[in-house]
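First comes the structure, then the notes that go with it.
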Amino acid sequence: MFGALRRCPASLMRNLSSATLSSRALRATVSQSSPAVRRTATWVPNVAIAAFHQSATWRQVAAAEVEVDQQLGSDGPITQFKELATHGLVHPNVINTITRQMRLETMTEVQTRTINEALSGSDVIAQAKTGTGKTLGFLVPVVQKIINEDPRLGERARGYKKARPDDIRAIVISPTRELAEQIAVEARKITSGTSVVVQVAVGGTQKRMMLAKTQREGCHLLIATPGRLLDILSDEYSGVKAPRLNSLVMDEADRLLDDGFSKEIEEIKNYLPDPAEVDRQTLMFSATVPREVVDLVRRTLKPGFHYARCVDEDEQPTHERVPQRVVQLAGFENTMPALYELTKREIQARQAGSPFKAIIYFNSTAEVTLAASVFFKLSGGFRRNTPLSNTRCYEIHSKLSQGQRTKASDSFRFADSAILFSSDVTARGMDFPNVTHVIQVGLPRDRDSYIHRLGRTARAGKEGEGWLFLSPAEEHEVRRRLRQLPLLQDSSLETATVDMAAEGEMPENVAKLLEEVVNAHKKVYPEHLDNAFRGLFGAYQWYGDKRGLLEMANRLAQFGWGMDTPPPPPSSLLSRMGGVGRGRSSGGFGVRPGGRGRVVGRSGGGDRMGGRFGDRRGDSRDSFGGRDRSGAFGGRGGDFNDRRGGGGFERGPGRPTNFY
DNA sequence: GAGACGG
């Protein structure tokens, strides 16, 4: 059936290629054709052509495709791995490994669609949520294509496993090193019964070692990150060439095509053979396909590409299915106390046999490092019998060595109960089993980023929940950036809204918790504090009110970290604010910290915070009992009883009616 | 002065 695609009549192709077709006209064209044409067009890769028409959205195209499929009475795609071998579509040695060693029988939806389509030779862009087996979806057809070119590679003949270094037939590009390694593990598995040679090229490893290995063993399938790939392709002396490349896979394609990567990707293409001379199949995979990517895709993929929108209409995507709560913080300084309160509570609530496995995302690497160190102190280091002593803390971001990154990622992957403090390195594609919580501190750069991070939990049919901690700086931006997401306001964390500058009374348990957290900050390396402080201004560069930002940051340093004098902000910030003098006398640079009309920063004692919280005794919640505070002290029972929001959030645990 | 991607 799929071979028939190549024989798709030229006349039909021409019709479908006409950029003036709407999806409706396209359907009509197909359904009015003769039975023979209709049959050959069963999987009409060219339905996607309709996307060339400006009025056709991806959704319409996908709908048209399904409809055409139904109308034409397709005998349906192959859904069992075994059948791929019995129909002679994929080499039995590959399929046997999948069915016997990996114990997979039925393909997932994304696998069904992409494998069938890609084997037919058309370009594919596949949209599927994470954790649905996208990797096999492109590895199977890519490996098969390699075997097609040289059938001897299907066998595991001794001696034949020697490929030449310039034999690269397929390249898979991934935005992060860890994801590339994860893909390579799968690739080596499915090629273990064949003579196909897999190599990995990622940064942070020894380039010479990798090149020597490639010289020695050769390479058919190369899995790489953009930087290193460009590095070795452009290295005339000792690099690699791919004159016979005929498959290119972009995993997390939307990420690869956006600002940060697109330039490198373009450059990489300059080193690859001209598609006009060497026919090349391109496969793009992504969990989200934002509108801006569409134009790029049109230019990148061959006309007649296939769009596999493997998002089940009936099944809710992760970001609609997973419960998500928003914690509105009184200030930056409330972040760590609230995180600590939340994790402690969740760990205690889960003790018996159900582990707590969380990823906490931050927007700068320095914040990741700081939070991880503080939590390490809070968990009592390596001491036993603390609330967090059975929960290991790990840290991962791009500023660590590759060795540290790999260790953290593997440790967390196999951990039962643990917290991973992370930057966006792990936001996409990474498969950590059984993550129960994804906590995002600060507003992510965009909506997709939020969704990808959230996608680390509730995978493979498991439960999970999302949390978003927001500072006052983000109150307005969140409505713009995270529209239409079921974010439910949560006010169950007492430390989230408490005024940490308040000299007034506060409940003993809250005071104690704050003291613990502030003291932990005093035990970490001072440069961690300085770096995180500076990092904030980068992470919040979108925030217009620089003055207000500095004021909030100063409060963080004073009341959250117990510093007498906030660290200096980046000098560029001061020039941006304009007209603000520098000076340490006010207890900070540029802006006097404090706000809320309270006089602060007078006491000179080094242990001021400790003293304050230490002296606080006696439950005096009444003094806090003023208006609007009630929710914060309502105990754990009433989760959704917020009354501050003003926006009117859903109260009950049911489906939220109010969206940002 | 962010994040990811080569040293």
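To find a chain, count down the sequence lines: A is the first, B the second, and so on, and within it residues start at 1. Predicted model only: the values in this text are computed from it and were never measured. Below, all heavy atoms of this structure are taken into account, side chains as well, without hydrogens, waters or symmetry copies.
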Interatomic distance where NE2 belongs to A:His452 and P belongs to B:dG3 [whole Å]: 19 Å
Set of salt bridge (Lys or Arg N to Asp or Glu O under 4.0 Å) partners for A:Asp410, sequence neighbours left out: A:Arg413
Touch class at under 4.0 angstrom, heavy-atom based, for A:Thr365 against every strand present: sugar-phosphate
A:Asp530: salt bridge (Lys or Arg N to Asp or Glu O under 4.0 Å) partners, not counting sequence neighbours: none
Touch class at under 4.0 angstrom, heavy-atom based, for A:Gly203 against every strand present: sugar-phosphate
A:Lys263: partners by salt bridge (Lys or Arg N to Asp or Glu O under 4.0 Å), with sequence neighbours left out: none
Nearest-nucleotide pick for A:Arg445, side chain only, options being B:dC5, B:dG3, B:dG6: B:dG3
Touch class at under 4.0 angstrom, heavy-atom based, for A:Lys263 against every strand present: nothing
Sugar-phosphate, base or nothing in reach of A:Gly227, heavy atoms under 4.0 Å: sugar-phosphate
Over-ring placement of A:Lys357 relative to A:Phe412, 6.0 Å and 45° cut-offs: yes
Protein-nucleotide distance (A:Arg405, atom CZ; B:dG3, atom C1'), rounded to Å: 12 Å
Close residues, residues 170-177 of chain A, relative to DNA chain B [heavy-atom separation under 4.0 Å]: A:Pro175, A:Thr176, A:Arg177
Minimum-distance nucleotide to A:Ser234 side chain [options: B:dG3, B:dG6, B:dC5]: B:dG6
Touch class at under 4.0 angstrom, heavy-atom based, for A:Ser572 against every strand present: base
Spacing of A:Phe261 atom CZ relative to B:dA2 atom P, expressed in whole Å: 17 Å
List the atom pairs, donor and acceptor, that lie under 3.5 Å between side-chain atoms in residues 361-368 of chain A and the rest of the protein, sequence neighbours left out.
unit_1: A:Tyr361; atom_1: OH; unit_2: A:Thr426; atom_2: O; d: 3.2
unit_1: A:Tyr361; atom_1: OH; unit_2: A:Thr426; atom_2: OG1; d: 3.0
unit_1: A:Asn363; atom_1: OD1; unit_2: A:Arg453; atom_2: NH2; d: 2.9
unit_1: A:Asn363; atom_1: ND2; unit_2: A:Leu443; atom_2: O; d: 2.9
unit_1: A:Ser364; atom_1: OG; unit_2: A:Glu367; atom_2: N; d: 3.3
unit_1: A:Ser364; atom_1: OG; unit_2: A:Glu367; atom_2: OE1; d: 2.9
unit_1: A:Thr365; atom_1: OG1; unit_2: A:Lys399; atom_2: NZ; d: 3.3
unit_1: A:Glu367; atom_1: OE1; unit_2: A:Ser364; atom_2: N; d: 3.4

Sugar-phosphate only, base, or nothing, as touched by A:Thr426 at under 4.0 Å among non-hydrogen atoms: nothing
Pair of N/O donor and acceptor under 3.5 Å linking B:dG6 base with A:Asp231 side chain: yes
Residues that A:Phe469 engages under ring-ring contact (aromatic ring centres under 6.0 Å, His included), provided they are two or more places apart: none
A:Glu267 CD to B:dG6 P, straight-line distance once rounded to whole Å: 14 Å
Test item: A:Glu341 side-chain N/O and A:Thr495 main-chain N/O as donor-acceptor pair under 3.5 Å: yes
Minimum-distance nucleotide to A:Pro226 side chain [options: B:dG6, B:dG3, B:dC5]: B:dC5
